[in-house]
There are 2 protein chains.
Amino acid sequence: MAGVSTATVSRAISNPSVVSEATREAVFDAIRRTGYHINMVARNLRRGRTGAIVVLVPNLGNPFFSLILAGIEQAAAPAGFSVLIVDTKQPHTDQDQLFTYLHTTRADELISLDGALPPDLLARQGEANALPPLVFACEWADESPFVKVVIDNEAGAAMAIRHLHELGHRRIGHVQGPRGNVLTEKRLAGTQKALEELGLPVRPEWFFAGDFSLHSGAEAARQWMALEERPTGVFCASDQMACGFISEIVSAGMSAPRDVSVVGFDDIDIARHFIPALTTIHQPRVAIGQAAARLLIERINDDSGGKAFMDQTLPVELIVRQSTGPAR
Amino acid sequence: MAGVSTATVSRAISNPSVVSEATREAVFDAIRRTGYHINMVARNLRRGRTGAIVVLVPNLGNPFFSLILAGIEQAAAPAGFSVLIVDTKQPHTDQDQLFTYLHTTRADELISLDGALPPDLLARQGEANALPPLVFACEWADESPFVKVVIDNEAGAAMAIRHLHELGHRRIGHVQGPRGNVLTEKRLAGTQKALEELGLPVRPEWFFAGDFSLHSGAEAARQWMALEERPTGVFCASDQMACGFISEIVSAGMSAPRDVSVVGFDDIDIARHFIPALTTIHQPRVAIGQAAARLLIERINDDSGGKAFMDQTLPVELIVRQSTGPAR
DNA sequence: ACGGGTTCTGTAATCGATTACATAGCAGGT
DNA sequence: ACCTGCTATGTAATCGATTACAGAACCCGT
């Protein structure tokens, strides 16, 4: 329709400066008139890319991840990348399935929000048919060679403990995340270190098992209530557990911060609207997603290939609300 | 390596029954040894499909959508479809961008969780360069010809009102969602109809403006508190607003259900752990996502093309918890 | 008028899997 | 021995965009 070859059309679209003014006009005019849209599949085949970033989410049903996904999408879409999501914890997602997804023919890049990927899957990174480049965000697999965008979990835990200490609490407990999770370990380590530095007791019965869920927070509260000598301050490794904890003591006729000061971690949406509003450690979830996506995109566009892309640690912040108060 | 042509390899992979036992073995053995993985881009180009479903989410940051996405992913992944997400409310997503995404070269199918897509975009459905088939889920554009998977919002609202009525409430208010939203309208209509059927007053000052957010629920609570004659029961069109409403009256020294019974809508995660636990209308979010994805997949695989795919309305359920009680 | 240089455009190969068509091989029947 | 029919496989075209290469058109200076 524009009276030119397909080669020229292609040039007009993907590299407009090499075609003449008049031709470019004619081509774009014809494109408008026909409603032509470029076939991404064909382009990607020829270019040897997929134009997609796969995000591995450990549990899509967990609203914690939604803002991180939003951040990834915000950074990826303007760069022309599609964002593809895979739930790594679905029953259908066995390891072979997963590997198929992770292969380079499906995605140019991976972002994993799941730190517990099957190890032998990660081990294949060096092979001939390698996985696409991978970035961890939020969670990560310790001692793996992959770049990560994370927050300083130890520092966050320490902030929570110091906050309780400043309010006069001397008996401080901790509700942990699921065993084996990196975040659990780091937050636990930060808690213990801060307690020791402040000269506070570290008593095993004040460390409650949990799994980040509301339910496990409530369970921890029951254990807490059964203690002879209760901590007056409790740092929960997630806001959900903090909410569960408070819910449970309230139904038992107690309240926070009157009977116990509670600090959460994450600063999820409800934290500020819970009753009492939750004192917590804020992590910048949108920024984490954006940073991870930008890092990947820069790495793709970096032809030199030699540039070293480094881990990023984003700052956390203590948000003091109503769930903590002076020790009695 | 298997001593056969590429055609035979292709057949062994995508239609194993047509190749001989021995050849099939040889091919799969070679595949294992080389670590070969099929190039999805090339396959999709040849097959004229993309293998992807695009999900249009009005606001990825809203955790309400996470379970719906999980449901979509659960149904799509086993069928070999990738799930691609696009946030329709991002500033970068202008209309042209959006149209590029929606075009058939990027996705075989669309699921829109956004009922407020630009109308002229939907109008293009009939054109030569049509949009891929679209299914609405949760929200939808009224009077559009697209199939939808939704819940019965009017019935849900009526359940909430009847519940309050049964508890003895005779002055009932409603906190609305954003104007123009289908869900807002349906829930409002259900509310008004139920009130009329029960012979209860429908007073304009008992209908509060809102936008589904926590914040707007708190704002409605302030208006409620300023009334001379307050409703004793309030039905909020979202759980978030119900939480905001209760938060606000609690900080003013009142409480639910002592001073007002509050019913929410959605049954989001925190609803059961809020203090007081929220009485609400439960909607099956995972099932909605699954149903939408399954419908699309069936429609793709249905060669006949003639089969009529119908709207699905999934049931809602009243969950009675602690935020409602007998009228005093 | 002619060589050198620039700019623009067309030709044709290419990415990797699929598939219509052709053909080879073999069994069974007459 | 020959034909029919079936199965298994190879050959080569195809999907649509990109791009190396070649060639056309034009400008400029001598």
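Letters go in sequence order (proteins before strands), and every chain restarts at 1.
- The side chain to side chain contact (heavy atoms under 4.5 Å, CB included) check on B:Asp152 picks up B:Glu154, B:Ala155, B:Thr313, with sequence neighbours excluded.
- Side-chain atoms of B:Arg49 do not come within 3.5 Å of backbone N or O of B:Asp108 as any donor-acceptor pair.
- Each of B:Arg11 and B:Leu45 lies near DNA chain C, and the nucleotide nearest B:Leu45 is the one positioned closer to the 5' end.
- No donor-acceptor pair closer than 3.5 Å links the side chain of A:Asp266 to the backbone N or O of A:Ile268.
- Toward the 5' end of DNA chain D, the nearer of the two residues A:Ile38 and B:Val4, judged by each one's closest nucleotide, is B:Val4.
- B:Asp87 contributes a side-chain N or O that, together with a main-chain N or O of B:Leu60, makes up a donor-acceptor pair within less than 3.5 Å.
- On the nucleic acid side, DNA chain D contacts chain A at distances under 4.0 Å to non-hydrogen atoms, with the end points of that region at D:dG16 to D:dA20.
- Every salt bridge (Lys or Arg N to Asp or Glu O under 4.0 Å) that A:Asp114 has, sequence neighbours left out, goes to A:Lys89.
- Without hydrogens or angle criteria, B:Asn39 side chain to B:Ala42 main chain gives a donor-acceptor distance under 3.5 Å.
- When heavy atoms are screened at a 4.0 angstrom cut-off, A:Ser20 is found touching the sugar-phosphate backbone but no base atom.
- Contacts of B:Thr8 with the nucleic acid, taken as non-hydrogen atoms under 4.0 Å apart, involve only primed sugar atoms and P, OP1 or OP2.
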